[in-house]
Amino acid sequence: MEQQEYATGAARTAGGTSDGRTGGAGRGTTAAVLVVRGSGPRGVPGTGADAPHDVPQDAVPVHDSGSPSTAGLSPDPGLLRLARWFAEAEPGTADDLCAASLGLYPARHFGAPAGPPAGPPAGPAGGPATAGPATGSAPADPSAAVPLTAVPLTAAPSTAEVSWWHGPTAHTPAPLRAREPRPAGGLRRARRDAAALPVVLSGAKPGTPGRHRKPERSRGAGTVPQDRSAATTAAERRIAARLLVAHPLVTASGPHADGFPLIRRHSDWLAERFDTLLGYRLVVGPWHARLHKAGLGPGATRRLEHPATGAPFTPGGYAQLALALALLVDAPEQLPLDGLLAAMDAVRPGPGPAARPADRAELAMALAVLVDWQVIGDLPAAALADPAAAGPTVLTVDRELARAVPVGPPALADDATDLIRRAAEAEPGTAVRRRLAETPAVLAADLPEEQRAWLREHGRTGPAALAEFLGLEAEQRAEGVALLDPAEELTDLALPGTDTAAQAALLLVERLVEEVRPLPGETAGTDVPVPDALIDGVLGDIADEYGLPAGWRRDYLADRTALRRDALDLLHRMGLITPAPRGTRPPGWLLRAPAARYAPAPDLLPAPGTGRHSRPDPAFTVPAPVTPRAGQPV
C-alpha cells in the first residue's frame with residue numbers, strides 16, 4: 001500500500017499537486033522528469049506492465065534473504081540510475097545534476113544596495129539619458145497585477161542606462177567592518193514572538209525599520225481592525241515565502257520550525273504565487289513543507305556541502321546519497337545501519353563493493369546530509385565519522401521525507417546532461433524570474449534570445465512583482481538586473497564576510513576592478529579578461545598588507561595557493577568572476593560587470609599596481625620625456 005501511494009504521488013508530481021491544482025512542474029516545463037515505480041510485487045521493482053526501462057544493467061536488486069539486515073529493501077530504479085550518473089560525472093556536472101534532481105539549493109543574493117548615482121547618466125549627445133515608459137503594448141504578464149509602487153526600486157528608470165562598471169557602488173572600505181555572525185537558526189524574521197505581530201521587518205533588529213520598508217503611518221483611533229489583519233497577513237506571507245526560498249525543505253521539528261505554522265496557514269496562497277511567478281510546486285503536509293525548485297542549468301555553481309564542516313560533495317558522495325535515498329524511500333521505519341550499507345554495496349553501480357578510504361568519507365557525508373534533512377534520525381558521532389566501522393546502530397527512517405527529497409529522478413532523460421537541460425526548461429518569463437529569485441544577478445548577455453527579449457519588455461514589471469513577493473529590492477543596470485536583500489538573510493553566501501577567504505575576496509575584486517575596468521566612454525562589455533599574474537600580484541599585496549593586522553588564518557597566509565583558490569571560488573559562486581571559455585590560451589578568468597558594485601567610485605586613470613608582488617603590465621608603457629628642439633617653448 002505504501003509503495004502504491006508513493007508511485008501515485010510521483011505520478012501526480014508531473015501534472016500538479018495532490019489536491020488537483022496545476023503544479024509548478026507542469027507550468028512552463030516541456031516534459032516531466034519523474035519516475036514512477038513499477039506495479040510489480042514488493043521487493044521486485046519494475047516487473048509490471050509499466051515497468052521503467054532505465055534500470056541499470058549493473059545494479060543488483062536486493063532480495064529478501066531472510067536476514068533482518070537486508071530484508072524488505074527495494075531500491076528505486078530511477079534513483080539507482082541517478083547514482084550511476086553521479087558516479088560518472090565530472091565535479092561541476094555533478095553539482096548541476098544535484099540541483100536538477102534534488103532542487104534543495106538556497107537562494108543567493110547581493111546584500112548592500114548601491115548608493116545613489118552622482119548625477120544623471122550621459123545620453124547620446126551628452127545630455128541626460130532618457131528611458132522609455134514602463135508600460136506599453138507589452139504582452140500580458142502575471143506580474144503586471146502588482147503595482148510598481150509596491151516595491152522601492154533602487155534603480156530609477158534612468159539608471160537602466162547606467163553600466164555596473166561606472167554606476168553607484170556598495171563599496172565597503174578597508175579595514176573591513178566587523179559584522180555580527182548570522183544566527184544559526186535561519187531567518188531572523190521567522191523567529192519572533194506571536195505577541196509581536198504584526199511585524200513587517202526586512203531582517204532589521206527589533207524596533208528598527210528595514211531598509212526596504214516604508215514608514216508606517218501612525219494608527220489613529222479610527223483605524224479599522226481589518227487594516228491590522230491585512231498587514232499581519234502580508235507580513236506572514238512574506239516571511240513564509242522567504243523561508244521557503246532559503247530552505248526548500250522545512251519540517252515541523254527542524255531548525256526552522258517556527259516558520260512552519262505560517263507556511264501551513266498560507267499554503268494555498270503561497271502555492272498559487274510560487275506557481276504563477278516561478279513555476280515551482282509547493283507541497284505542504286502535516287509535518288513538512290517542500291518547495292520543488294527547478295534546475296538552474298549548466299554552470300549554476302550550486303553544490304551540496306557537509307552540514308558541519310562545509311566540505312563540498314564529490315561525485316562519489318552524490319552517488320552514495322542517491323544510493324541511500326533509493327533504498328530509504330521504501331525502507332522500514334527501523335533499519336539497521338549495517339543492513340543499509342550492505343544493501344548499498346549490493347546495488348552500487350560500477351565496480352565491486354570493496355570500499356576505499358575515500359568511499360567511507362563520501363558515505364559519511366551522505367549520512368550527515370540525510371540526518372540534517374531529518375530523513376534519518378540522529379546518529380552517534382562514531383557512525384558519522386566512519387559508518388562502516390561503527391558498532392550496531394539502528395536508523396529511524398522517515399519515508400515521507402525520503403520521498404520528498406528527489407524532484408527530478410530520471411525517467412525521460414537520456415543522460416545527466418539531458419536531465420540538467422530538461423530540469424531548467426521553462427517559458428521565457430518563468431525562466432528569467434527563476435534566475436532573478438535564485439541568483440545574485442541576471443545579465444542579458446547570458447540569456448537566450450527569447451529570454452533576453454522578455455527581459456527587455458518586462459524590465460521593470462517582472463522584477464518588481466518578484467521583489468514584492470520576496471521582500472527584495474531591484475537594481476537595474478545596462479547589463480542586467482539584480483534583486484538585492486539588504487537584510488542579508490536570503491542568501492547562502494555573504495559578501496562582505498567575516499572569514500579570511502571572504503575578506504580576501506572582497507579586497508581582491510575591489511582592486512581587480514580598479515585595474516581592468518573599461519574607462520568611461522569606452523565600449524564596455526559584460527566581461528573583461530584578468531591576467532593570472534595580476535591576480536597573483538594583487539592577492540600577494542593584500543595578504544602582506546592586511547593578513548597579520550586583520551588576524552587572517554595562518555594556514556592561508558602560509559599557503560597563498562589555498563587562499564587564491566578559496567577567494568576565487570567565492571567570487572565565482574557570487575557571479576563576480578567566471579572562467580574564461582575553454583580553449584582560451586592562456587586559460588584564466590573574466591571579471592564580470594556586477595563586480596564593479598564592490599569597488600570604489602571609478603577613477604578616470606587608475607594607476608598600475610605598485611605593491612612588491614605586482615608585475616608590470618606589458619600593455620602599460622610610460623611615455624618617454626620629449627626633449628624640445630631649439631626655439632620650441634618648453
Do W164 and E475 have a side chain donor and acceptor closer than 3.5 Å? yes
Under the side chain to side chain donor-acceptor pair (under 3.5 Å) criterion, do S163 and E479 qualify, and how do the steps go? CA-CA 6 Å; S163 170; E479 295 87 359; 2.4 Å; yes
Salt bridge present between R511 and E515 (N-O < 4.0 angstrom): no
Ion pair present between R564 and D536, side-chain N to carboxylate O less than 4.0 angstrom? yes
Under the criterion side chain to side chain donor-acceptor pair (under 3.5 Å), I'd like the reasoning laid out for E427 against T430: C-alpha separation, chi angles, the key distance, then a yes or no. CA-CA 5 Å; E427 60 185 3; T430 301; 2.9 Å; yes
Whether W589 and H572 hold their rings parallel, tilted or perpendicular, with breakpoints at 30° and 60°: perpendicular
Basic-acidic side-chain contact under 4.0 Å: D569, R565: no
Salt bridge or not for E305 and R303, using N-O below 4.0 Å? yes
Pairing donors with acceptors under 3.5 angstrom, does anything connect the side chains of D492 and Y105? no
Within the distance-only criterion (no hydrogens, no angle test), does the side chain of T169 pair as donor or acceptor with the backbone N or O of A599 below 3.5 angstrom? yes
Using distance alone, with no hydrogens and no angle criterion, decide if T498 and Q503 have a side-chain donor and acceptor under 3.5 Å apart. no
Between E438 and R108, does a salt bridge (charged side-chain N to carboxylate O under 4.0 Å, His left out) hold up when you go through it step by step? CA-CA 6 Å; E438 307 290 0; R108 183 175 297 165; over 6 Å; no
Whether E450 and R456 form a salt bridge (side-chain N of Lys/Arg under 4.0 Å from carboxylate O of Asp/Glu) is what I want to check. no
For the residue pair Y546 and W552, does the interplanar ring angle fall in the parallel (under 30°), tilted (30 to 60°) or perpendicular (over 60°) class? parallel
